[in-house]
Amino acid sequence: MANQIYDEVQLLWVCAYAGFILGISYDVIRIGRRVKNASVLRSILEDILFWSVASIYLFQIFLKYNYGRTRYFGIGMAALSMILFEWILGRRIVPWSSKKIRRILRIAGKPLKKIKNTFTLLGRKFRKIVQMKKDEKHGL
């Protein structure tokens, strides 16, 4: 009997840890949505992909620790730890980190934009030269 209780408690802690991991993962998605504005379609596809992967992840936990039998207290613990993570850390981490990432991208983007403009200009000149060669060849 004590062994069975130990297994249930272990499953409970593993599900709490899984909820923490899923909370972090979803916050990464939320940061990405804030850094680059997401369309409704992109948000829906990201959510479908996330929850599909999350369900497979939780099923793998139940398969390993509980022989594939779903325990609702495990699902509840994963959901509760996701909610607690969002309530305690997620509300602070997502706005702060997305602001920092946008600033880094803006700073790094300036030289990259200059490089892109240089290549664009070179490409246009190259196309003009090629067009001039074609025109000469066809006698225009």
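- Residue Leu45 is found in a hydrophobic cluster whose other members, listed by chain and number, are Leu41; membership requires side-chain heavy atoms under 4.5 Å apart, directly or through intermediates.
- Considering all non-hydrogen atoms of both residues, Gly74 and Cys15 come closest at O-CB, 3.3 Å.
- To the nearest 0.5 angstrom, Lys64 atom NZ is 9.0 Å from Ile61 atom CD1.
- Scored by the side-chain hydrogen bond (donor to acceptor under 3.5 Å, both in side chains) test, Gln131 finds Asp135 as partners (sequence neighbours excluded).
- Each of Tyr65 and Ile5 belongs to its own hydrophobic cluster when Ile, Leu, Val, Met, Phe, Trp and Tyr are linked at side-chain heavy-atom distances under 4.5 angstrom.
- Hydrophobic side-chain contacts under 4.5 Å tie Ile31 into a cluster, directly or through other members, with Val35, Val94, Ile101, Leu105.
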Check residues 48-58 and write down every donor-acceptor pair under 3.5 Å in which the side-chain atom is one partner and the other belongs to a residue at least two apart or another chain.
from	atom 1	to	atom 2	distance (Å)
Ser52	OG	Ile48	O	2.7
Ser55	OG	Trp51	O	3.2
Ser55	OG	Ser52	O	2.8

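- A search for side chain to side chain contact (heavy atoms under 4.5 Å, CB included) contacts involving Arg106 returns Arg103, not counting sequence neighbours.
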Checklist entry - Which is it for Tyr26 and Asp47 under the side-chain contact (heavy atoms from CB on, under 4.5 Å) test, yes or no, and what are the steps along the way? => result CA-CA 9 Å; Tyr26 198 73; Asp47 283 343; 2.9 Å; yes
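- In terms of the side chain to side chain contact (heavy atoms under 4.5 Å, CB included) criterion, residue partners of Thr120 (sequence neighbours excluded) are, by chain and number, Lys116, Arg124.
- In this view, Ala38 and Arg33, Arg42, Ser43 satisfy the side chain to side chain contact (heavy atoms under 4.5 Å, CB included) rule, not counting sequence neighbours.
- Trp13 and Phe59 are members of different hydrophobic clusters when ILVMFWY side chains are connected at heavy-atom separations under 4.5 Å.
- Listed by chain and number, the hydrophobic cluster partners of Tyr6 come to none, as no ILVMFWY side chain reaches under 4.5 Å of it.
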Would you list the atom pairs, donor with acceptor, under 3.5 Å between side chains in residues 80-93 and any protein atom, with sequence neighbours excluded?
from	atom 1	to	atom 2	distance (Å)
Ser81	OG	Ala16	O	3.0
Ser81	OG	Met77	O	3.2
Ser81	OG	Ala78	O	3.0
Glu86	OE1	Arg30	NH1	2.5
Arg92	NH1	Ile88	O	2.5

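- Proximity of a side-chain donor or acceptor of Arg102 to a complementary backbone N or O of Arg34 within less than 3.5 Å is detected.
- The salt bridge (Lys or Arg N to Asp or Glu O under 4.0 Å) contacts involving residues 3-26 comprise Glu8-Arg71, where partners must be two or more places apart or lie in separate chains.
- In this view, Val40 and Ile44 satisfy the side chain to side chain contact (heavy atoms under 4.5 Å, CB included) rule, not counting sequence neighbours.
- Connection of Tyr72 to Leu11 is established within a shared hydrophobic cluster, with ILVMFWY side chains joined at heavy-atom distances below 4.5 Å, either directly or through further cluster members.
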